[in-house]
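Remember, it's 1-based here, ligands and their atoms both numbered in the order they're listed. If you're wondering where the values come from, they're calculated on a predicted model, not measured in any experiment.
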Amino acid sequence: MDTATLFNRSAAESSRKTPVDHSLPAPVRRIVVVGGGTAGWMTALIFARALIERGVEITVVESPNVGIIGVGEGSTPWLRGFFDSLDIEEAEWMPPCHATYKCGITFDGWSTKPGFERYFHPFASMLDNLTMTQFVHNVDARVQGADVPAHPDRFFIATRLARGHLAPKPAENFPFDIWHGYHFDSVLLGQFLHRKALQRGVRYKTAHVTHANLDERGAIASVGTREGETIAADIFVDCSGFAGLLIDQALHTPFVSFAENLFNDAAIAIPTPLGAELPSETVSTAMRHGWAWKIPLTERYGNGYVYSTQSCSPDQAEQELRERLGLLDSDTPARHLKMKVGRVTRHWNQNCLAVGLSQGFIEPLEATALLFIQQTASAFVEFLERGDLGETAHEQFNVRVNEHFEGTRDYIVTHYKTNSRSDTEYWRACVGVTILALALAFPAGIVGTLRRWWRGEAQ
Ligand SMILES: Cc1cc2nc3c(=O)[nH]c(=O)nc-3n(C[C@H](O)[C@H](O)[C@H](O)COP(=O)(O)OP(=O)(O)OC[C@H]3O[C@@H](n4cnc5c(N)ncnc54)[C@H](O)[C@@H]3O)c2cc1C
């Protein structure tokens with residue numbers, strides 16, 4: 001059944017606790033996670049839940065000199081599954097992370113079609129089950145040329161909630177779940193997860209990893225630190241961010257760039273004060289050379305501009321963002337970031353697992369990066385629990401994660417392909433190049449993609 005019931009059910013299943021099973025493969029006794037950003041701590045917590053009580057030692061090693069990326073303030077609804085699976089209540093994690101609810105994303109200025117200048121991507125809920133079927137049917141019919149209503153605003157409860165700046169929290173006796181994502185301060189989220197992981201038995205070491213020592217099979221035997229220590233483990237998790245310290249620098253795993261399909265390779269972030277109201281949506285506004293995010297947190301707005309350096313310089317981009325935010329004369333500092341968009345070919349290579357920015361990144365238009373972390377770490381635990389660490393397991397695992405990346409890339413590309421702006425070379429190029437990328441998938445595949453997306457499979 002292609003409805004949100006399935007979506008909600010599969011989400012609930014993914015968040016269920018792992019049953020205790022003591023048959024872990026003997027060789028895995030020590031896991032070292034290099035990197036203490038969101039990826040490092042989420043992975044450590046997912047591993048801790050399944051592995052610590054089986055005697056596996058998990059240590060996070062973090063450089064005292066290299067900071068975390070410190071952006072990434074929005075999530076998909078799947079983050080809820082992450083916290084649920086760890087038995088961490090919203091009341092515990094949301095306040096210290098300045099978190100707010102996210103009902104979906106408004107896309108502003110992406111289309112010039114009358115009536116669609118602003119459109120909303122709602123997160124589907126159980127409550128939408130009846131209208132969801134009709135929506136997918138109508139989209140299908142419209143793609144075939146029928147003149148039926150298919151504007152999502154008419155079909156999803158999340159749209160009403162976001163319009164009213166309401167939280168997706170029904171009264172206690174309301175019989176349907178309202179599915180939602182979150183906004184949060186990424187630095188505070190990292191600190192919260194760090195504290196939680198330590199409480200749950202994860203070890204922590206501050207040290208700057210300088211190199212990896214490989215054994216005769218080419219696997220990582222240990223990592224060396226600037227402080228003079230050699231740290232050995234059975235499994236190494238590379239959560240070192242874009243640096244890809246282990247997966248790239250040590251193992252030289254090939255990288256597949258998505259630059260031909262997704263042009264944006266840089267971003268600027270600038271905070272602004274919160275107004276009188278607290279919205280429950282992200283707003284993504286099309287700009288001259290990319291798009292700008294606006295994310296409400298309890299203490300401030302997070303703003304940023306994701307753009308292509310092929311189209312404009314960082315100074316031009318900053319000027320355009322400041323103009324939009326009314327900060328042309330303000331000395332509020334802007335953070336400039338580079339983005340490496342694409343994925344490694346093997347997320348699990350030898351005894352190294354890459355999680356987070358080290359494994360790849362797709363620009364944050366639908367805030368999917370934490371979901372990659374969650375799914376990669378959880379899938380790895382599944383393989384460990386099966387006791388399956390052989391070549392076939394590596395292959396299956398990498399195919400699974402790669403499909404996830406490719407599906408998400410196509411989904412994000414669709415946003416650019418379907419834009420109808422033509423005011424700058426950037427937007428004209430977006431439409432032109434992505435036609436090739438989506439030749440097979442569009443338009444027949446778009447309905448299928450929609451279905452899978454709402455069921456949570458195409459993320
Ligand atoms: C502009 C932008 C916007 C984004 N928006 C979103 C969003 O809305 N939603 C979303 O889900 N994601 C978003 N992301 C992605 C998100 O920020 C990351 O996926 C997430 O923060 C995880 O990062 P990380 O932990 O992999 O890397 P980092 O945060 O970079 O952490 C790297 C860690 O490795 C450590 N390290 C590095 N080198 C060494 C060394 N030599 N020795 C020891 N330790 C080392 C560092 O100290 C640090 O702790 C966004 C990313 C960008 C660039």
*Asks:* Using distance alone, decide if ligand 1 has a nitrogen or oxygen within less than 3.5 Å of any nitrogen or oxygen in V306.
*Replies:*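 For ligand 1, there is no N or O atom that lies under 3.5 Å from one belonging to V306.
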*Asks:* Please could you name the atoms of ligand 1 that V209 approaches to less than 4.0 Å, counting only its heavy atoms?
*Replies:* 40 (C), 41 (N), 42 (N), 43 (C)
*Asks:* For the ring pair W291 and W427, is the centre-to-centre distance below 6.0 Å?
*Replies:* no
*Asks:* Only heavy atoms count here, so choose which of G302, G35, G72, S63 is nearest to atom 7 (C) of ligand 1.
*Replies:*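 Ranked by closest heavy atom to atom 7 (C) of ligand 1, first place is G72.
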*Asks:* More than 12 non-hydrogen atoms from neighbouring residues, nucleotides or ligands closer than 6.0 Å to CZ on R163, yes or no?
*Replies:*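 Yes, enclosed.
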*Asks:* State if G304 counts as touching ligand 1 under the rule of any non-hydrogen atom under 4.0 Å.
*Replies:* no
*Asks:* Taking the ring of W348 and the ring of F380, is the distance between their centroids below 6.0 Å?
*Replies:* yes
*Asks:* Is the Y411-H415 ring centre distance short of 6.0 angstrom?
*Replies:* yes
*Asks:* If you measure from each non-hydrogen atom of F372 to ligand 1, which part falls under 4.0 Å: side chain, backbone, both or neither?
*Replies:*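 Answer for F372: neither.
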*Asks:* For ligand 1, find out whether one of its N or O atoms is nearer than 3.5 Å to an N or O atom of F242.
*Replies:* no
*Asks:* Please check whether V66 reaches ligand 1 - meaning an N/O of the residue sits under 3.5 Å from an N/O of the ligand, judged on distance alone.
*Replies:*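 Yes, there is a polar N/O contact under 3.5 Å.
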*Asks:* Non-hydrogen atoms of S240 versus ligand 1: any pair closer than 4.0 Å?
*Replies:* yes
*Asks:* Look at ligand 1 and say whether A207 reaches it with a heavy atom at a distance under 4.0 Å.
*Replies:*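 So A207 counts as touching ligand 1.
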